[in-house]
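What follows is a set of notes on a single structure, which appears directly below.
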Amino acid sequence: MPCLSCLIQVPLAIHVDGHRSSELRKAISTLDLTPHRDEGRTRHKLINSSLLLKACIRSGNLDLGKLLHHKLIHSGLPLDSVLLNSLISLYSKCGDWQNALSIFRGMGDMRDLVSWSALISCFANNTMDSQALLTFLRMLQSGIYPNEYCFTASIRSSSNAQYFSIGRVIFGFVLKTGYFDSHVCVGCALIDMFVKGSGDIQSARLVFDKMRDKNLVTWTLMITRFAQLGLLNQAVDLFCSMLVSDHTPDRFTLTSLLSASVEIGFFSLGKQLHSWVIRSGLASDVCVGCTLVDMYAKCAADDGSVENSRKVFNSMPRHNVMSWTALISGYVHGRQEQEAMKLFCNMLHDHVAPNCFTFSSVLKACANLPDFSFGKQLHAQTIKQDLSAINCVGNSLINMYARAGKADCARKTFNILFEKNLSSYNAAIDANANSEESFNHDIGHTGIGPSSFTYACLLSGAACIGTIAKGEQIHALVVKSGFGTDLCINNALISMYSKCGNKEAALQVFNDMAYRNVITWTSIISALAKHGFATKALELFYEMLEIGVKPNDVTYIAVLSACSHVGLIDEAWKHFNSMHYKYGICPRMEHYACMVDLLGRSGLLLEAIKFIYSMPFDADALVWRTFLGSCRVHRNTKLGEHAAKLILEREPQDPATYILLSNLYASEGRWDDVAAIRKSMKQKKLIKETGYSWIEVDNQVHKFHVGDTSHPQAKKIYDELDELALKIKNLGYIPNTDFVLHDVEDEQKGHYLFQHSEKIAVAFGIVSIPKPKPIRVFKNLRVCGDCHTAMKYISIVTGREIVVRDAYRFHHIKNGKCSCNDYW
DNA sequence: CTAGGGTTAG
């Protein structure tokens, strides 16, 4: 990826009509404004200034206007009302109402009707509606009779719902004066007053129908308001009436209709309008072009290709930020991130400055890119351009950090947002879903109601931590707030209950659902697979196929892992081979990894390695890590070393591989090799992910490390552990000291084993959770083999059911047996 | 000299 700061020059020079603006600048700077004793000559100078000022206002070149103002003040010329009124208008358009007002105040007796109109418009333009209406009132009080300009401006200010009642009074006034019939602009303002001030499109339509003279602008305005309210039928009807009454639609009419049809996904209408655009010669208009690029980009999901969007883009004579952004967004939505980033660079090469929408889109692409560095560069650029705190950019940044697992960066970005909307909260909740912090985003106090996405994120957060109490609370909230039948939420509920260890509740949700999609089926199949109920999982898979739900790539991962967890080799081969020819799904790396896992677990190490080398693409670290895990279980150091070497070639900084290899050496008593690995890890400053376990008791999550004595009830827990150790030894439990890495006496090793975090968590569960509730323990890494054995004995001596969720799967341990059949 | 309509993100 290229370096962004080389490409983006901040601030970018604005070339607005460069040719004419340079002429204007020359005319202003060479303008001689020294007063002349001949009155006629002085008058001529004032007229010239007035003409130049008008040119500045019309071309929107406000800087040159200010320059001219400056020259006029210092010239000592006696400025007339026409010039001063123009200056008010200039400042009004700059948003500089203070200067406009001070000119107005300085005018004294020179104020005329135009000055008042200009000031009222100035307040109306700058969303100072109360000031506009007060100025209108003051004007009436000082005995000046309003004209159509004053009416349009004050009606515009009454479009603010707060002042709608004043607007109705002005409406009555207008009807009496006859301005309604004689001036189109007044009618237009009234249409907007009803739509924006009270959402009353019917009255707006009535105003429209009663207008005597209607021009193109009036028709377009009415059509646009219908379109913006989603009333596309009425907009199209009106469009037809407009054609019948012999008005030719222009670029405004068409962009407005086009964007409305895109908004509701009515692409066939959009395509018809495109043909109109071509016939009417509007295709060269930048704005119309932008909307068309956007339309074809958005209907790419329907016709499967961004190419049409690109064709329109290529045919445009000129481009701006919007056309670039529309096309880039199309590629981002089509998951062609590389192409989107390429276009983004092209856009910068073309000296088009990105805006907040562009950043929002490209950041979304970055969230899906494996390389995180480009996203960080973009973040820096948004900060440089003061855009990072704007909603649409900030929310995308939070999403990106959420994807990258950088919850702290996401939180920092969230904190500096100017204004937090529902998307911001959802993004932040999503980013922190893996930590308890997500529940501290108290959306209830913000006045923003939660959406189904909010609940889905909260549920996935609860699922990650495994806090079933929180999960149940959210479930209750979902039902209470009327989201009980929402498909996405129900899917999230299935995986929440599954990941919290309550397979029955997951099935309950599944059975109660009236509508199910492929995600629903995949979730339940995957849930059953992880809990060791492969037969039931496959049954549901066949049921799903029978009722005609088409499986996707994720479904097959669930199916293959179901087979893998119980060692159904033939069944797995059947599905692996059929996924492509039956459903056109190409096996991805993850599918191959599932097969390697299956073969490896079954001890078919040679077949597994043959399979890896027969893959159509180079196996990645995930595949080799899976294989290495099997080598450890089946104690094949030679193949294990081979796998580890290949993983470290791909991911030299991966501590998990060192640990797996070191465990492999340890199980063979090769302590020198273990020490060498530890030393090399230390040199590389790699930190092993520390193992820990947790358990939820009375709504509280209790977390334990190896040999943890920090818990307030530590004494009680260790007493229980001692007692359990004694009981299960009598039953025949022999500590498996392979799982202790230190080169110490066996007696000592047994002692270390009883300090493992999962055993501590189980002991705590036994003393604090009453029978017959199951004890649900969670571990961040894979559960240790000795702990697994010990827990089976513990389930016998205590008569308790123990459910362990480790990094890979669930173990339901009851009466000395585990749902994984010791096959893990 | 003062007034009215359109496009892009999640």
Side-chain angles (χ1 to χ4, degrees), chain A residues 50-51 53-54 57 80-90 92-93 100 112-122 124-125 146-156 179 183-193 215-225 227-228 249-260 262-263 282 285-295 297-298 320-330 332-333 354-364 367 390-399 421-424 426-427 430 451 453:
Chain A
S50 182
L51 286 173
L53 192 53
K54 257 205 294 186
I57 294 170
D80 61 7
S81 66
V82 173
L83 204 50
L84 290 166
N85 289 343
S86 294
L87 284 169
I88 293 176
S89 165
L90 172 79
S92 161
K93 280 176 182 152
D112 54 15
L113 181 56
V114 177
S115 323
W116 285 98
S117 310
L119 189 68
I120 297 170
S121 299
C122 171
N125 285 343
N147 63 3
E148 66 274 23
Y149 294 97
C150 299
F151 278 126
T152 32
S154 48
I155 292 170
R156 247 187 325 136
Y179 277 116
H183 294 280
V184 201
C185 287
V186 177
C188 287
L190 283 168
I191 290 175
D192 259 0
M193 186 189 83
N215 62 11
L216 180 58
V217 175
T218 326
W219 282 96
T220 306
L221 173 67
M222 199 64 235
I223 290 169
T224 304
R225 295 296 169 257
Q228 282 170 340
D250 68 354
R251 58 211 175 100
F252 291 100
T253 329
L254 282 161
T255 38
S256 167
L257 269 176
L258 271 168
S259 83
V262 173
E263 181 73 26
L282 287 169
D285 181 80
V286 188
C287 286
V288 176
C290 287
T291 321
L292 284 169
V293 171
D294 182 51
M295 179 187 84
K298 290 211 171 113
N320 60 10
V321 211
M322 284 182 196
S323 57
W324 280 102
T325 305
L327 184 64
I328 290 171
S329 306
V332 176
H333 279 290
N355 63 11
C356 58
F357 294 111
T358 326
F359 278 118
S360 177
S361 251
V362 218
L363 283 166
K364 196 184 167 199
I390 291 174
N391 232 306
C392 84
V393 176
N395 292 352
S396 299
L397 280 167
I398 300 170
N399 274 324
N421 62 13
L422 183 56
S423 292
S424 327
N426 285 342
D430 193 27
S451 68
F453 189 73

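Hydrogens, waters and symmetry mates play no part in the numbers below; they use all other heavy atoms, side chains included. Just so it is clear, the model here is predicted, and its values are computed rather than measured. A note on names: the letters A, B, ... follow the listed sequences, proteins ahead of strands, and every chain is numbered from 1.
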Once side chain to side chain contact (heavy atoms under 4.5 Å, CB included) is applied, do any residues pair with Asp285(A), and if so which ones, sequence neighbours excluded?
Arg251(A), Cys287(A), Val288(A)
In whole angstrom, what separates Leu221(A)'s CG from dA3(B)'s P?
17 Å
Nucleotide dT2(B), atom P - distance to CZ of Arg156(A) in whole Å
13 Å
Asn355(A) atom CG is separated from dA9(B) atom C1', nearest whole Å, by 9 Å
Determine: side-chain N/O of Lys298(A) to OP1/OP2 of dT7(B), distance under 4.0 Å, yes or no.
no
Looking only at the side chains, is there a donor atom on one of Asn355(A) and Thr358(A) sitting less than 3.5 Å from an acceptor on the other?
yes
Go through the side-chain N and O atoms of Thr253(A) and Thr220(A) and say whether any donor and acceptor fall under 3.5 Å apart.
yes
For the side chain of Asn399(A), counting heavy atoms from C-beta on, which of dG4(B), dT7(B), dG10(B) is nearest?
dG10(B)
Could you check which of dG4(B), dA3(B), dG6(B) has an atom nearest any side-chain atom of Lys93(A)?
dA3(B)
What is the separation between atom OH on Tyr179(A) and atom P on dA3(B), rounded to the nearest whole Å?
16 Å
Under 4.0 Å between a side-chain N or O of His183(A) and OP1 or OP2 of dG4(B)?
no
Which nucleotide in dG4(B), dT7(B), dT2(B) has an atom nearest any side-chain atom of Asn215(A)
dG4(B)
Just checking, is any N or O donor in the side chain of Asn215(A) or Thr218(A) under 3.5 Å from an acceptor N or O on the other one?
yes
Just compare dG4(B), dT2(B), dT7(B) and give me whichever is closest to any side-chain atom of Val184(A).
dG4(B)
From the candidates dT7(B), dT2(B), dG5(B), the one with an atom nearest any side-chain atom of Asn147(A) is dT2(B)
Less than 4.0 angstrom between a side-chain N/O of Arg225(A) and OP1 or OP2 of dG4(B), yes or no?
no
Distance check needed: dG4(B) P versus Ile120(A) CD1, whole Å only.
14 Å
Identify, with sequence neighbours excluded, every residue that meets salt bridge (charged side-chain N to carboxylate O under 4.0 Å, His left out) alongside Arg225(A).
Asp192(A)
Choosing from dT7(B), dG4(B), dA9(B), which nucleotide comes nearest the side chain of Cys392(A)?
dA9(B)
Separation of atom CG in Asp294(A) from atom C1' in dG10(B), rounded to whole Å:
14 Å
Please determine, for the side chain of His333(A), which listed nucleotide (dG4(B), dT7(B), dG10(B)) has the closest atom?
dG10(B)
Measure CG/Asp192(A) against C1'/dA3(B) and give the value in whole Å, please.
13 Å
From CG of Asp285(A) over to C1' of dG6(B), roughly how many Å is that when rounded to an integer?
9 Å
